[in-house]
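Have a look at the structure below, then the notes.
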Amino acid sequence: MSGNRPWEGSAGSTTATTSPGAPALRAHAPAVSAVRARKFGSWYYAEHVLRSMNSYRWTLLASSVGTPVMYLFAMGVGLATLVDRQAGEAFGGVGYLAFLAPALLASATIMTAATEFTYPVMDGFKWRRVYYGPHASPLGTHQIVNGHILAVGLRLLLTTAIYFAIVAAFGASPSPWGWAAIPVAVLCGLSFGLPLMAYAASVEEDKGQFALVMRFIVMPLFLFSGTFFPLDTLPVFLRWIGWISPLWHGTELGRTLTYGYAQPLGLVLVHVLYLIVLAFLGWRLAQRTYARRLGK
């Protein structure tokens with residue numbers, strides 16, 4: 001009789017028994033697993049986050065797509081019938097629905113990023129401490145950060161694509177380049193979410209900080225970033241909110257792509273660079289903050 005246990009295989013691997021007739025499951029040796037983790041660790045952690053999201057996928061779909069769709073119906077379809085009668089050329093020669101839709105597309109990513117990069121980040125450090133298990137494995141701190149960002153980025157991409165399909169079905173994206181508003185909206189969400197992720201990683205006690213972020217940062221950006229009306233209709237002393245807002249920059253790019261909103265090329269480049277720089281700085285700060293917290 002062999003001395004091997006049922007789960008033991010040849011050197012360098014282990015084999016788990018399965019039901020009769022099914023192929024045996026063979027695990028990688030620790031050294032092989034470590035090499036694969038160092039190579040694909042970001043994707044492994046992204047898979048973990050995506051599987052966690054999948055457990056409440058209908059709630060995510062309802063919140064990230066349902067809310068902006070309700071705004072689209074209420075304001076872009078209902079209110080638009082009244083606005084278009086009175087506004088004339090106030091929206092650059094397009095209807096209010098076409099003007100509003102790119103802003104709601106970018107707003108959806110901002111709202112989603114604000115959700116995914118606050119409490120789930122603190123949960124990883126404090127409540128369920130889900131970051132510490134992967135950190136004890138061969139995964140590096142940067143892979144945990146990157147994996148979390150990849151998972152959220154994929155969620156943003158999916159929900160934005162669904163929402164854009166609805167927008168296009170309403171005829172609110174007449175330009176053939178309208179589809180490019182999808183990656184722009186994702187970049188917009190990350191440019192806001194990654195600095196917020198770095199901040200959330202630094203919070204050690206929940207004292208209502210994230211609720212304040214939603215009330216005094218997210219909502220003012222939503223209301224004063226040219227979402228519902230052109231930014232230049234605001235008083236001068238309020239326009240700075242839009243100028244520093246990722247939402248305004250993402251919305252302006254989205255309008256250029258979806259219906260050909262005319263902007264100087266230099267301003268278009270400013271919009272793109274602003275979003276990229278914000279996202280990059282937030283990513284670097286998040287990596288540094290995660291390394292400090294997980295290294296304690």
Side-chain angles (χ1 to χ4, degrees), residues 42 46 102-118 120-121 140-157 159-160 177 179-203 209-210 213-214 216-227 231-232 234 238-258 261-293:
S42 297
L104 294 181
L105 193 70
S107 299
T109 63
I110 292 283
M111 299 293 185
T112 301
T115 300
E116 290 294 341
F117 288 126
T118 50
V121 172
T141 303
H142 66 287
Q143 292 176 310
I144 296 173
V145 175
N146 294 344
H148 194 141
I149 295 170
L150 281 170
V152 176
L154 289 171
R155 179 190 167 186
L156 293 176
L157 182 63
T159 55
T160 305
W177 289 98
W179 60 268
I182 297 174
V184 166
V186 172
L187 176 61
C188 178
L190 293 177
S191 69
F192 178 80
L194 297 188
L196 186 57
M197 181 188 197
Y199 168 70
S202 70
V203 175
Q209 297 96 322
F210 301 144
V213 167
M214 292 300 295
F216 296 107
I217 297 180
V218 176
M219 288 308 298
L221 293 186
F222 182 55
L223 296 173
F224 299 108
S225 294
T227 307
L231 188 65
D232 58 12
L234 281 175
L238 287 177
R239 292 181 196 174
W240 66 270
I241 299 175
W243 296 336
I244 67 170
S245 167
L247 178 55
W248 179 69
H249 292 276
T251 296
E252 292 290 283
L253 287 172
R255 286 173 177 152
T256 298
L257 293 166
T258 55
Y261 173 61
Q263 295 189 83
L265 178 60
L267 185 56
V268 171
L269 293 176
V270 168
H271 293 321
V272 173
L273 289 175
Y274 186 78
L275 296 177
I276 291 174
V277 169
L278 271 184
F280 176 78
L281 291 177
W283 171 63
R284 293 295 297 164
L285 285 172
Q287 288 193 328
R288 293 180 60 181
T289 309
Y290 271 63
R292 178 177 58 80
R293 287 288 298 275

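All values below come from the heavy atoms of this structure, side chains included, with hydrogens, waters and symmetry mates left out.
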Please check this pair: side chain of T227 against backbone of L223, looking for a donor-acceptor N/O pair closer than 3.5 Å. no
In this structure, CD1 of I149 is separated from NE2 of H142 (nearest 0.5 Å) by 11.5 Å
Value for CD1 (I110) from CG (L104), rounded to nearest 0.5 Å, stands at 12.5 Å
*Could you check if a side-chain atom of T256 sits within less than 4.5 angstrom of a side-chain atom of W177, using non-hydrogen atoms only?*
no
So OG of S245 and CG of L231: to nearest 0.5 Å the spacing works out to 9.0 Å
To the nearest 0.5 Å, atom CG of L196 lies from atom CD1 of I217 at 7.5 Å
Counting C-beta onward and ignoring hydrogens, is there a side-chain heavy-atom pair between R284 and L194 closer than 4.5 Å? no
| request: For the pair R239 (side chain) and L234 (backbone), establish whether a donor and an acceptor sit closer than 3.5 Å, ignoring hydrogens and angles. | output: yes
Answer yes or no: is there a side-chain heavy-atom contact under 4.5 Å between I244 and Y274?
yes
* Are any non-hydrogen side-chain atoms of M197 and V145 less than 4.5 angstrom apart? -> yes
Item to complete: Check whether any side-chain heavy atom of Y199 sits under 4.5 Å from a side-chain heavy atom of L285, and report yes or no.
Response: no
Tested for side-chain contact (heavy atoms from CB on, under 4.5 Å) against H271, the lone hit among L273, L269, L267 is L267
Residues A113 and G193: closest non-hydrogen pair is CB-CA, 3.9 Å
To the nearest 0.5 Å, atom CZ of R293 lies from atom CZ of R288 at 15.5 Å
Polar side-chain atom of T159 near backbone of L156 as donor-acceptor pair, under 3.5 Å: yes
Quick one, P195 and L281 - any side-chain contact, counting heavy atoms below 4.5 Å?
no
Taken in chain and number order and not counting sequence neighbours, the residues that satisfy side chain to side chain contact (heavy atoms under 4.5 Å, CB included) with I276 are L187, V272
Output, in order, the C-alpha distance, side-chain angles, deciding distance and verdict of side-chain contact (heavy atoms from CB on, under 4.5 Å) for W283 and L190. CA-CA 9 Å; W283 171 63; L190 293 177; over 6 Å; no
Minimal heavy-atom distance between A181 and T258, with the atoms involved, is CB-CG2, 3.9 Å
Are any non-hydrogen side-chain atoms of T251 and S225 less than 4.5 angstrom apart? no
- Message: Taking the six-membered ring for Trp, are H148 and F117 closer than 6.0 Å centroid to centroid?
- Response: yes
Heavy atoms of H249 and W243 approach each other most closely as NE2-O, 2.8 Å
query = Under 3.5 Å, side chain of Q263 to main-chain N/O of E252, donor-acceptor pair present?
reply = yes
Query raised in the report: Hey, does the side chain of T289 reach the backbone of S202 with a donor-acceptor pair shorter than 3.5 angstrom?
Result: no
Nearest heavy-atom approach of A286 to A198 is N-CB, 3.5 Å
Heavy-atom closest pair (A151 atom, A46 atom, distance to 0.1 Å) is CB-O, 3.7 Å
Looking only at heavy atoms, the pair that brings P246 and S191 closest together is CB-OG, 3.3 Å
query = Are the side chains of F192 and L247 in touch, meaning some heavy atoms are under 4.5 Å apart?
reply = no
query: Taking Y261 for the side chain and L253 for the main chain, is one N or O donor matched with an acceptor at less than 3.5 Å?
result: no
